Protein chains: 2
Amino acid sequence: MRAKQPSRDQLTLSEILNALSDPVRIEIVQSIAGVGEQPCNQCGIDMPKSSLSHHFKVLREAGVIATRVEGTRLINSVRSADLNARFPGLLNAILKAARQ
Amino acid sequence: MRAKQPSRDQLTLSEILNALSDPVRIEIVQSIAGVGEQPCNQCGIDMPKSSLSHHFKVLREAGVIATRVEGTRLINSVRSADLNARFPGLLNAILKAARQ
DNA sequence: ACTGATGTTCGAGTGTTCTCGAACGATTCA
DNA sequence: TGAATCGTTCGAGAACACTCGAACATCAGT
């Protein structure tokens, strides 16, 4: 959570594509997108939490997901509005491709 | 050129996104897409040819570009038809984002 | 305070990627 | 055949990414 999340105009295509180019991470994003928002441990990926935490960090730093604290949990959501504003159609095209 | 290029149904989202997540490589693809097809040395990137060759190889192996021999040159083109067939809208969304 | 749950951070190990010069192969043209 | 052009391949070095256990911090509830 110490990692800073980029503002809308700091989003870069390279970092976004890099974040989403990892199979584990696109699965995380798909999981979150499917339900709107979700704590880290409910993405359904069987992996040590330190590894998962790493992938969440990459997604966060690329600006793909946002994280807010709720009690003892971190609730994640996809930054659809920011992504669509900065790169219209990109997120949808990628998520659609990931569904196949 | 020894590297095999994936067939249309072997294209994977992760490899495509990974290939396009490098600033040098998306620049190469933009350059090729801008003129249709192009030899390796006309992408306008100032870099040793061994480095450039590496990036072309990554793009080729991800299925983003195709390469054909013409005399002493290798002519590259973007595999738009294959990419659109496999992941509709993806390439356009990425190239559009790259233009900004 | 203590305990349990949720995640982060740290450090180490392993593997992959990027970069570059040098050597090579294929082709063209004289 | 000789020389030039184009691009690949090889090998080495540096940088980076992924994975994991262990330790830590924070919060909630008892």
Side-chain angles (χ1 to χ4, degrees), chain A residues 1-6 12-29 31-32 35-79, chain B residues 1-6 12-29 31-32 35 37-78:
Chain A
M1 282 308 297
R2 181 156 305 141
K4 220 184 122 223
Q5 306 182 20
T12 72
L13 179 60
S14 288
E15 284 195 86
I16 293 169
L17 295 185
N18 176 64
L20 296 176
S21 70
D22 186 289
V24 171
R25 290 196 291 263
I26 195 124
E27 196 177 336
I28 291 174
V29 173
S31 173
I32 298 174
V35 297
E37 50 179 32
Q38 202 173 53
C40 296
N41 68 341
Q42 279 177 29
C43 61
I45 298 173
D46 186 27
M47 199 175 220
K49 49 188 189 165
S50 54
S51 302
L52 267 187
S53 183
H54 161 70
H55 288 299
F56 274 94
K57 183 181 177 188
V58 173
L59 287 169
R60 226 174 269 136
E61 290 182 355
V64 176
I65 64 172
T67 303
R68 68 168 214 278
V69 180
E70 194 176 282
T72 169
R73 297 180 163 183
L74 301 180
I75 308 292
N76 302 284
S77 57
V78 179
R79 291 179 60 183
Chain B
M1 280 307 296
R2 181 154 306 139
K4 219 184 122 226
Q5 306 182 19
T12 72
L13 179 62
S14 288
E15 283 195 85
I16 293 169
L17 295 185
N18 176 64
L20 296 176
S21 71
D22 185 290
V24 172
R25 291 195 291 262
I26 195 129
E27 197 177 336
I28 291 174
V29 173
S31 174
I32 297 173
V35 297
E37 49 178 32
Q38 202 172 54
C40 296
N41 69 341
Q42 280 177 28
C43 62
I45 297 173
D46 186 27
M47 199 174 220
K49 49 187 187 165
S50 53
S51 302
L52 267 187
S53 183
H54 161 71
H55 288 299
F56 274 94
K57 182 181 177 189
V58 173
L59 287 168
R60 226 174 269 136
E61 291 183 355
V64 176
I65 64 173
T67 303
R68 69 167 212 277
V69 181
E70 194 176 281
T72 170
R73 297 178 163 183
L74 301 180
I75 308 293
N76 302 286
S77 57
V78 179

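These numbers come from a predicted model, not from an experiment. A note on names: the letters A, B, ... follow the listed sequences, proteins ahead of strands, and every chain is numbered from 1. Heavy atoms only: backbone and side chains are in, while hydrogens, waters and symmetry mates are out.
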Return the value, rounded to whole Å, for the distance between atom [atom1] of [X] and atom [atom2] of [N].
X     : N      : atom1 : atom2 : answer
B:K57 : C:dT19 : NZ    : P     : 15 Å
B:R68 : D:dC6  : CZ    : P     : 16 Å
B:L74 : C:dA26 : CG    : C1'   : 10 Å
A:F56 : C:dT9  : CZ    : P     : 14 Å
A:H54 : C:dT8  : NE2   : P     : 12 Å
A:K49 : D:dT26 : NZ    : P     : 15 Å
B:N76 : D:dG7  : CG    : C1'   : 10 Å
B:I28 : C:dC18 : CD1   : P     : 11 Å

- Query: To the side chain of B:R25, which of D:dC6, C:dC18, D:dA22 is closest?
  - Reply: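 Selected nucleotide (nearest to the side chain): C:dC18.
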- Task: Report the nucleotide, chosen from D:dG21, C:dG7, C:dG21, that has the shortest atom-to-atom distance to any side-chain atom of A:P39.
- Result: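 Comparing D:dG21, C:dG7, C:dG21 against the side chain of A:P39, the answer is C:dG7.
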- Please round to the nearest 0.5 Å and tell me the distance separating atom NE2 of B:H55 and atom CG of B:D22.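 With rounding to 0.5 Å, NE2 (B:H55) is 5.0 Å from CG (B:D22).
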- Rounded to the nearest 0.5 Å, how far apart are CG of A:L20 and CG of B:L17?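 The CG atom of A:L20 sits 6.5 Å away from the CG atom of B:L17.
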- Considering all heavy atoms, the nearest B:C43-B:C40 contact: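 The answer is SG-O, 3.5 Å.
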- Counting any heavy atom closer than 4.0 Å, what does A:H55 reach on the DNA or RNA strands: base, sugar-phosphate only, or nothing?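 Counting heavy atoms under 4.0 Å across all strands, the contact made by A:H55 is with sugar-phosphate only.
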- Should A:R68 and A:E70 count as an ion pair when the cut-off is N to O under 4.0 Å?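 Salt bridge flag = yes for A:E70 with A:R68.
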side-chain N/O [X] vs [N] OP1/OP2, d < 4.0 Å:
X     : N      : answer
A:S50 : D:dC20 : no
A:R60 : C:dT8  : yes
A:N41 : C:dG7  : yes

- Query: Which comes earlier along DNA chain D counting from the 5' end, the contact point of B:R73 or that of A:D22, where each point is its nearest nucleotide?
  - Reply: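 Nearest-nucleotide comparison on DNA chain D picks B:R73.
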- Message: I want to confirm an ordering. Mapping A:V58 and A:T72 to their closest nucleotides on DNA chain D, which one lands closer to the 5' end?
- Response: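 Mapping each residue to its closest nucleotide by heavy atoms, the 5'-most match is A:V58.
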- Heavy-atom donor-acceptor pair, B:S53 side-chain to D:dT8 base, under 3.5 Å: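 Between D:dT8 and B:S53, which were checked side chain against base, a qualifying N/O pair under 3.5 Å is absent.
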- Using side-chain hydrogen bond (donor to acceptor under 3.5 Å, both in side chains) as the criterion, list what pairs up with B:Q42, not counting sequence neighbours.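 If we apply the side-chain hydrogen bond (donor to acceptor under 3.5 Å, both in side chains) test to B:Q42, skipping adjacent residues, there are no hits.
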